[in-house]
Every structure is written in structure tokens, then in C-alpha cells.
Amino acid sequence: MKIVVGISGGSGAIYALGILQALRELGVESHLVVSNMGEYVVEHECGVSLDELKKMADFYYENYDLAAPIASGSFKTDGMIIVPCSMKTLASVAHGFSESLLTRCADVCIKDRRKLVLLPRETPLSSIHLENMLKLSNIGVTIMPPTPGFYNHPQDISDIVTSIIGRCLDQFDIEHNLLKRWGE
């Protein structure tokens, strides 16, 4: 499998790091693109530099590089996760505004009907946010706010993050044992 991971400027960089780590551990090829604010948030929230982040992925592309392989529909991937997904990025994707590699990759997933999963980070949500999410949901994009379930009785933040990562991987039918299934 090949998954594109986009990191934009919303809070929740810890989920991006977890996704990259899980993909590596599960042998899934990762292609990473990070917005300027995504880079800032990863450094601010997690203390991870862009150089360290690049090492977590199999391939890294500059956000301005619209000639990168992942910008083309002829480059086959199994889809894309944008984690975290800022409302600016979500709006750009919803309206086909592909001014960066990150949003172009999302556009490619939509036009080629590949799996696209967005983990938006904003609260409260305005009517504009909700309309943009509905627009994307109506065309098959998965909108997955990283809201944890507590029925598994998480013991710490790591348990909460891991459960969201597991649910993300489920969207791509990637086998893992990151979360306890209901009834197990």
C-alpha cells in the first residue's frame, strides 16, 4: 500500500506522528507533505523538527512542489490522510483550490475516487465549516474529527491517540491491533 499523509496547521500534530509511526511499523509506504503551519504546529506541540519528521516517512515532498509524483493521478496511491486538517485546508479541498501540493493531492484523490480521510481540528464549528464538511462528505470524503471514545477506558493520552490512529487505519482496511474492538 501507498498512503499520502498531509499535515496542515490545525492542532493535533500528535496524531500525524502516530499515523506515520503506525504506517512504518505496518509496512505501509508513506508519502509526506507538510504545510508551513503544519511544520510550525508539529514543532510547537511535539518538539519535532521538520528534519526529524521527514525521517518518519518513506518519501517527503515540499508543499510548493506541484511537479511531485503525488500531484499526478497517474501516480497510484491507496489514498490520503490529512491529519490534522485545518479549516483553511478543508475549505481549499472543498472548493477545489489546489494552490499547494497538499491540496492538489487531496484533489487527485477526489477526482480519481481514492480514499480521502480528513481529521479536522476546530471547535466550535461554524456553519461555514459544517457546510464545507457536508460538501466533502457528499462526494465520499471521510470526515473524521479526532474525537475519542471512552468505552475502552483509556488510561492516558497515548491510549486516546492510539485509538484515533487505529480508527484512521480502519478507513483504509489496514490490519492492526492498535485498539480494542467493541465486544472483545
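On a predicted model such as this, the values are computed, not experimentally measured, just so you know. All heavy atoms count here, side chains included; hydrogens, waters and symmetry mates do not.
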Residues at least two apart in sequence or cross-chain that pass salt bridge (charged side-chain N to carboxylate O under 4.0 Å, His left out) with D65, listed by chain then number, are none
Report the residues that fulfil side chain to side chain contact (heavy atoms under 4.5 Å, CB included) with [X], sequence neighbours left out, ordered by chain and then residue number.
X   : result
L66 : L101, R104
L17 : V42, C46, V48, L53, M56
A94 : N132, K135, L136
M1  : I3, V28, D78, F172, I174

Which atom names give the shortest non-hydrogen contact between [X] and [Y], and what distance separates them?
X    : Y    : value
I165 : G18  : CD1-CA, 3.2 Å
S8   : S86  : OG-N, 2.8 Å
A71  : C105 : N-SG, 4.4 Å
L102 : S35  : CD1-N, 4.1 Å
S98  : T103 : CA-OG1, 3.4 Å
L90  : H129 : CD2-O, 4.4 Å

Find the distance between [atom1] ([X]) and [atom2] ([Y]) and round it off to the nearest 0.5 Å.
X    : Y    : atom1 : atom2 : answer
N63  : S100 : CG    : OG    : 4.0 Å
I164 : I14  : CD1   : CD1   : 11.5 Å
M144 : Y15  : CE    : OH    : 9.5 Å
S127 : L134 : OG    : CG    : 11.5 Å

Taking [Y]'s backbone N and O only, do any of them form a donor-acceptor pair with [X]'s side chain (distance below 3.5 Å, no angle check)?
X    : Y    : answer
H31  : F59  : no
S163 : L179 : no
S137 : M133 : no
T89  : C85  : no

So with a 6.0 Å cut-off around [atom1] of [X], is the heavy-atom count from everything else above 12?
X    : atom1 : answer
K55  : NZ    : no
D156 : CG    : yes
I157 : CD1   : no

Which pairs, with at least one residue in residues 85-104 and sequence neighbours excluded, count as a ring pair (Phe, Tyr, Trp, His ring centres under 6.0 Å)? none
Validation row: [X], [Y] side chains within 4.5 angstrom (heavy atoms):
X    : Y    : answer
V141 : V93  : no
I7   : P84  : yes
V34  : Y60  : yes
L26  : L169 : yes
V108 : S72  : no

So which pairs with a foot in residues 159-174 pass salt bridge (charged side-chain N to carboxylate O under 4.0 Å, His left out), sequence neighbours left out? D170-R181
Provide the full list of salt bridge (charged side-chain N to carboxylate O under 4.0 Å, His left out) pairs with a residue in residues 8-24, sequence neighbours left out, each pair given once. R24-D58
List, by chain and number, the other hydrophobic cluster members for M37, where Ile, Leu, Val, Met, Phe, Trp and Tyr join if side-chain heavy atoms come within less than 4.5 Å, directly or indirectly. Y40, V41
V83 and C168: CA distance, side-chain angles, deciding distance, side chain to side chain contact (heavy atoms under 4.5 Å, CB included) verdict: CA-CA 10 Å; V83 53; C168 250; 5.8 Å; no
Could you walk me through whether L32 and Y61 pass the side chain to side chain contact (heavy atoms under 4.5 Å, CB included) check? CA-CA 6 Å; L32 177 64; Y61 308 93; over 6 Å; no
Any side-chain hydrogen bond (donor to acceptor under 3.5 Å, both in side chains) involving residues 41-53? Give me the pairs, sequence neighbours left out, ordered by first then second residue. S11-E45, S49-E52
Output a table of donor-acceptor pairs, distance under 3.5 Å, between side-chain atoms of residues 145-155 and any protein atom two or more places apart or on a different chain; print 'none' if there are none.
residue : atom : partner : partner atom : Å
N152    : ND2  : K180    : O            : 3.0
Q155    : NE2  : H153    : O            : 2.8

Anything under 3.5 Å between a donor and an acceptor, one on a side chain of residues 111-125, the other on a protein residue two or more places apart or in another chain? List them.
residue : atom : partner : partner atom : Å
R114    : NH1  : F75     : O            : 3.2
R114    : NH2  : G73     : O            : 2.6
K115    : NZ   : T142    : OG1          : 3.1

